[in-house]
Amino acid sequence: LDAEDLHALLQHRRQIEIRDRRHDDIDESVREEGDRDDAVDVAPPSGGGAVGVHWLFAPVADVNPAPGNPIVNVRAYGSDPADVSRFVAAYIKGARAGHALTAAKHFPGHGDTDVDSHVELPVLQVTRARLDSVELPPFRAAIGAGTSAIMTGHLAIPALTGSRGLPASVAPQTASLIRNDLQFAGIVVTDAMTMGALRRLPGYFPAEIAIRAVEAGGDVVLSPPDRL
């Protein structure tokens, strides 16, 4: 399930109707109150398995230092890597308690971008040292907490790949960073193959992009074309 807040659907004590309130509001209240236990509490999909939900494409592990970010913004746990790491780990702990799989996203970090990857390909303009100190700590925390998967984002990271036009989701350097540097042995899943960041690439062909994602080290391709 591609939802950061399945609790809004399944925890009756919150009494939140999905038509009346955005899911992101819950994580916003958790951030403002700063209560790690709340992050644990809202994560477990109590009863999720009963309705066929076993894998949450969450938590959002992006650090969001750019207030104008058009895609991550309030979905992030904050702008401080330590705070985001703390809540990401707590969410995963709660999800595991509810017997759900998780996927920390959007690797290696979509917070400091000004383009929506649903529309265009964002470029994360940071150095590798900055990547290590700001963007990656929450993903390290997710791995330490036992995340089932890491979801790669459709954004270019020149410091990692040397290219402004190559999405991380189809770059072999991304899987190398996940497997070798972060020592993660779980599932690598891409963000949706239908997003504009991929569709607007020169020479884009859906089947080829999906195959490239697997060749680059992805285990699961989200929303691939019906035919390859």
Side-chain angles (χ1 to χ4, degrees), residues 1-4 6 43 45 48-49 52-62 71-72 75 85 88-89 91-96 98-111 117-118 121-122 124 131-132 135-157 160-161 163 165-199 201 204-228:
L1 180 68
D2 190 16
E4 287 89 61
L6 182 61
V53 176
H54 304 284
W55 192 2
L56 310 179
F57 293 140
V60 170
D62 303 309
I71 177 173
V72 175
R75 298 165 68 196
S85 297
V88 163
Y91 185 102
I92 291 168
K93 177 181 177 181
R96 292 185 68 188
H99 308 290
L101 302 177
T102 53
K105 62 184 184 183
H106 307 81
F107 190 87
H110 204 329
S117 54
H118 293 91
L121 178 67
L124 184 63
L131 199 67
D132 286 334
E135 276 76 23
L136 294 184
F139 291 98
R140 292 193 180 99
I143 293 168
T147 188
S148 315
I150 289 178
M151 178 183 287
T152 56
H154 301 319
L155 67 158
I157 307 99
L160 181 63
T161 67
S163 171
L166 180 64
S169 51
V170 296
Q173 295 92 335
T174 304
S176 177
L177 176 59
I178 293 171
R179 300 299 190 197
N180 300 326
D181 292 26
L182 301 188
Q183 295 291 296
F184 180 63
I187 302 166
V188 175
V189 56
T190 71
D191 209 340
M193 291 285 110
T194 55
M195 292 171 64
L198 297 182
R199 287 190 283 106
L201 289 177
Y204 168 77
F205 184 65
E208 180 183 350
I209 290 293
I211 292 170
R212 284 176 60 186
V214 174
E215 290 178 340
D219 300 305
V220 177
V221 176
L222 184 62
S223 300
D226 292 335
R227 290 187 177 185
L228 295 181

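When every heavy atom of P167 is checked against every heavy atom of L121, the shortest pair comes out as CG-CD1, 3.9 Å. Between V88 and P59, the shortest heavy-atom contact is CG1-CG, 3.8 Å. Taking each heavy atom of V221 and A213 in turn, the nearest pair found is CG2-CB, 4.3 Å. Taking each heavy atom of G153 and A168 in turn, the nearest pair found is O-CB, 3.6 Å. Of all non-hydrogen atoms in A175 and G217, the two that sit nearest each other are CB-CA, 3.9 Å. A pairwise comparison of heavy atoms in Y91 and L56 identifies OH-CD1, 3.6 Å as the closest pair.
Counting heavy atoms from C-beta on, the side chains of P122 and I71 never come closer than 4.5 Å. A 4.5 Å side-chain heavy-atom check between V220 and W55 finds at least one atom pair inside the cut-off. I209 has its side chain within reach of M193: a pair of non-hydrogen atoms, C-beta onward, lies under 4.5 Å apart. H154 has its side chain out of reach of R199: every pair of non-hydrogen atoms, C-beta onward, lies at least 4.5 Å apart. L182 has its side chain within reach of R140: a pair of non-hydrogen atoms, C-beta onward, lies under 4.5 Å apart. The side-chain heavy atoms of L166 and R212, taken from C-beta on, include a pair separated by under 4.5 Å. Here the side chains of Q173 and I157 are not in contact, with every heavy-atom distance at 4.5 Å or above. Contact annotation: the side chain of T174 never approaches that of S169 to less than 4.5 Å [non-hydrogen atoms, C-beta and beyond].
Side chain of R179 to backbone of F184: a donor-acceptor contact under 3.5 angstrom is found. Side chain of K105 to backbone of D191: no donor-acceptor contact under 3.5 angstrom is found. With hydrogens and angles disregarded, a donor-acceptor distance shorter than 3.5 Å links the side chain of D62 to the backbone of H110. Side chain of D219 to main chain of V188: a donor-acceptor pair is present (N/O by atom type, distance under 3.5 Å, no hydrogens or angles). No donor-acceptor pair under 3.5 Å is formed between the side chain of T147 and the backbone N or O of I143. Not a single donor-acceptor pair under 3.5 Å links the side chain of T152 to the backbone N or O of F107.
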Next on the checklist: Determine whether R96 and T102 satisfy the following criterion, side chain to side chain contact (heavy atoms under 4.5 Å, CB included), listing intermediate values before the conclusion.
Outcome noted: CA-CA 8 Å; R96 292 185 68 188; T102 53; 5.6 Å; no
Next on the checklist: As a quick check of understanding, evaluate side chain to side chain contact (heavy atoms under 4.5 Å, CB included) for D181 and L136, giving each step before the final call.
Outcome noted: CA-CA 11 Å; D181 292 26; L136 294 184; over 6 Å; no
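To the nearest 0.5 angstrom, L124 atom CG is 10.5 Å from T161 atom OG1.
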